[in-house]
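All chains are named by letter (A, B, ...) in the order of the sequence lines, taking the proteins before the strands, and each is independently numbered beginning at 1.
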There are 4 protein chains.
Amino acid sequence: MGAAAARKMGGTRAQIQTVALRLFADHGYEATSMRAIAEQLSITKAALYYHFASKEDIVRALIAAMLVRTAELVQWAEEQEPGPALRREVLSRWADIMQDQGLRMFRFLSANQVAMREITPDKSGMAAQLKRLFAILTPPNASVADQLRARLSLAVINMVGMTASDLDASEDEILAAARLISAELLPKQS
Amino acid sequence: MGAAAARKMGGTRAQIQTVALRLFADHGYEATSMRAIAEQLSITKAALYYHFASKEDIVRALIAAMLVRTAELVQWAEEQEPGPALRREVLSRWADIMQDQGLRMFRFLSANQVAMREITPDKSGMAAQLKRLFAILTPPNASVADQLRARLSLAVINMVGMTASDLDASEDEILAAARLISAELLPKQS
Amino acid sequence: MGAAAARKMGGTRAQIQTVALRLFADHGYEATSMRAIAEQLSITKAALYYHFASKEDIVRALIAAMLVRTAELVQWAEEQEPGPALRREVLSRWADIMQDQGLRMFRFLSANQVAMREITPDKSGMAAQLKRLFAILTPPNASVADQLRARLSLAVINMVGMTASDLDASEDEILAAARLISAELLPKQS
Amino acid sequence: MGAAAARKMGGTRAQIQTVALRLFADHGYEATSMRAIAEQLSITKAALYYHFASKEDIVRALIAAMLVRTAELVQWAEEQEPGPALRREVLSRWADIMQDQGLRMFRFLSANQVAMREITPDKSGMAAQLKRLFAILTPPNASVADQLRARLSLAVINMVGMTASDLDASEDEILAAARLISAELLPKQS
DNA sequence: GATGAATGAGAATTCATTCAT
DNA sequence: GATGAATGAATTCTCATTCAT
């Protein structure tokens, strides 16, 4: 099935997002041109603009997708009984999200934080969601160290994609190890 | 003292590096133009090119500077008696390096990994130094988890600059907490 | 009819080639900027880059066009019965080609040989075609002098554009004289 | 003997001319930067400007040197008895001049005619000298063809450097052949 | 006789974006 | 839904040249 045929049946818009995310993650946001995205899909630049108003718009759509899953997790978590058990479960679900497209997404976000900061002055609300997620992972009156631990426990999972390269172990092994360490970092008291 | 006067006494080349690092870290490598750097220093773009052959060349000089300090640490560490005590000390010295210009440097490196990967196919040898540093921090026959821990114990310190923003604590408090957590991550057995 | 209207009906790409060849021939390749070409056509530099990937690319297109006509001549000649008569005919056809756009083309090529050598490491195959043309013009076991004569008989025609300037005769008169001399240079024996 | 030592004893100004001519001939006038010339000599660009007021100035000095020898030839020839014998002798002396630095010089001049035309609106008088040389080579009331022949007989010799490349014969063999053909081209009548 | 530092002008090229069809 | 042609603004980089020391 050629690129054109693929598009015919599978939502050009979705395809653009997939390709764009891959290129953004691999070469960086600024270094990825609309031309490059269009060429990968064998469509014209103008076609891109039919589906997305601008390059930033593609990013916003990408972040929005990630945001939905995060928001779902946050909402669910906030309805549960707080405590160490919940924290472990949240971490586990976060890892599940990451295992999917999420890892690539976070690789992109981490590696392009600066560009993103200037694109989305967080109208997307991702920062807000993360804040609530951190709150759930942090016991009341937590020390600065514990607050940092909460942030790191999430970050550890996201870092897998970046740190994996020089370790000789499969990505799955590494992700498993990351889940373990992540859990250890979690503040232990209620 | 005007910008011109300041330059007269303080090595234009060094000034360029300082300003460039700040801009790269704040706005990203690709988003920082030679024009922007030149304007900050009140010199012309051409003057920039008198001191550095290219934009990439500035980055290389920046990385080389960081590399020197890393290499010194590695060399010193490799001459010591291995063991948990050394690992703690290495971590502590790493934090010292980072506290200086280093933090900004690592913020820049993390936030622009992709751009960097394409600029320095590690001819600079930073990756090699880090590998040796990891080796020192990792006991022989370490598990994958322990290998990851070693990497994270360094990363935690570098992440301070990025994660600090939403925590309400001074940068120093946060760095102190980071040192603590970093030490905890270190593999305990000899 | 304004420049814009003219373009509408006459293939911008072709127009660019015509204008570029004229400027290259008149002012030299390096001395002709993309800006100059664009201005002549009342289009923007960016429009130029829509049609040609680079300045060199324009040259390559120009050479390719010349190459086609040369290749046709070579192919035809190689299918004919060799001998003095063929050689005269080849020379005559060469002059015909040159009379068209060709003269300007060769003026450009001669006057910019060095630049060209570095642009087309003869992937275009022009050198190969000329070699075959020389072979046709040279009897078997020709002396060095005769080999040189073959080359000169072609060159004489191409030189017209360059040498004409200070002679007080029309370009047509000169070309006629050149054809004559060219024929005389041809090795006489079979 | 290093480059610096060489300069100490051998007139920097002369060295600059030699190097510049080589670079101009090899890479073209516009494509040869002052930087490139300076680097070849292991001196600074500024030093170049100590010896020559500008890049064009180097060219003018180069042409002036060639002009002297041409002018001498012209002057001598104009004092001789005209006729076929003189014409042959002139041609021969021209070939002698060319054999020296001259060939490189003419390769440079031919390959950069356009640039030269714009640099020296013949204040150097080379064109004038050549005109007189042509007059000597051309019998009174010569046909257009004969006038062209005169020009070609000189050109043939200058072309050697350019056409030699694909012939498998030594440069000396080729030059000898060129002298021969050149003489044949000369108008025969008085 | 020469250098180090700097400049202003201009080069080629790339980019996100637009719009009539 | 998509294309071909074009634009304006920006980018990296190079060049000839200058001048105080």
Give the rounded distance in Å between these two atoms: [atom1] of [X] and [atom2] of [N].
X: Tyr50(B); N: dG8(E); atom1: OH; atom2: P; value: 17 Å
X: His51(C); N: dT14(E); atom1: NE2; atom2: P; value: 16 Å
X: Arg35(C); N: dT7(F); atom1: CZ; atom2: C1'; value: 17 Å
X: Met34(B); N: dA9(E); atom1: CE; atom2: P; value: 20 Å
X: Ile37(B); N: dC13(F); atom1: CD1; atom2: C1'; value: 13 Å
X: Leu48(C); N: dA11(E); atom1: CG; atom2: P; value: 13 Å
X: Tyr29(A); N: dA16(E); atom1: OH; atom2: C1'; value: 9 Å
X: Phe52(B); N: dT12(F); atom1: CZ; atom2: P; value: 15 Å

- [ ] Would you kindly check if the NZ (Lys) or CZ (Arg) of Lys55(D) is within the cone defined by 45 degrees around the ring axis of Phe24(D) and under 6.0 Å from the six-membered ring centre?
- [x]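 Lys55(D) over Phe24(D) ring: no.
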Open item on the list: Suppose we define a pair by two distances each less than 3.5 Å, Watson-Crick or G-U wobble; what does dC13(F) pair with here?
Closed with: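 Because both required distances fall under 3.5 Å, dC13(F) counts as paired with dG10(E).
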- [ ] Sort out the partner of dT21(E) for me: Watson-Crick or G-U wobble, both distances under 3.5 Å, none otherwise.
- [x]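 With both distances under 3.5 Å, dT21(E) matches dA2(F).
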- [ ] For residues Thr18(D) and Gln15(D), determine if any side-chain heavy atom of one lies less than 4.5 Å from a side-chain heavy atom of the other.
- [x]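 Thr18(D) vs Gln15(D): side chains apart.
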Task: Test item: Asp57(D) and Arg60(D) side chains (from C-beta on) under 4.5 Å apart, heavy atoms - done: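 Counting from C-beta outward, Asp57(D) and Arg60(D) do come under 4.5 Å.
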Task: From dT14(E), dC15(F), dT12(F), nucleotide with atom closest to Tyr49(C) side chain - done: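 Comparing dT14(E), dC15(F), dT12(F) against the side chain of Tyr49(C), the answer is dT14(E).
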Task: Residue mapping more 5' on DNA chain F - nearest nucleotide basis, Ala46(B) or Ala47(C) - done: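 Closer to the 5' end of DNA chain F: Ala47(C).
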Task: First encountered from the 5' end of DNA chain F, between Ser33(B) and Ala53(D) - done: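 Checking each residue's closest nucleotide, the 5'-ward one belongs to Ser33(B).
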- [ ] Return no unless some side-chain N or O of Thr12(B) is found under 4.0 Å from OP1 or OP2 of dA6(E).
- [x]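 Answer is yes, contact under 4.0 Å.
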Open item on the list: I want to check one thing: is the phosphate of dC15(E), taken as OP1 and OP2, less than 4.0 Å away from some side-chain N or O of Thr32(A)?
Closed with: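 So the side chain of Thr32(A) is outside the cut-off, no N or O lying under 4.0 Å from OP1 or OP2 of dC15(E).
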Open item on the list: Can you tell me how far apart CD (Glu56(A)) and CG (Leu62(A)) are? Round to the nearest 0.5 Å.
Closed with: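 Reported to 0.5 Å precision, the distance equals 13.0 Å.
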Task: Inter-nucleotide P distance (dT21(F), dG1(E)), Å rounded - done: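 Result for the P pair: 23 Å, nearest Å.
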Task: Lys45(A) (side chain) and dT17(E) (base): donor-acceptor pair under 3.5 Å - done: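 For Lys45(A), whose side chain was compared with the base of dT17(E), there is a donor-acceptor pair (under 3.5 Å).
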TODO: Please report the closest heavy-atom contact between Tyr49(A) and Ser54(A), naming both atoms and the distance.
DONE: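 Of all heavy-atom pairs spanning Tyr49(A) and Ser54(A), the closest is CE2-CA, 4.1 Å.
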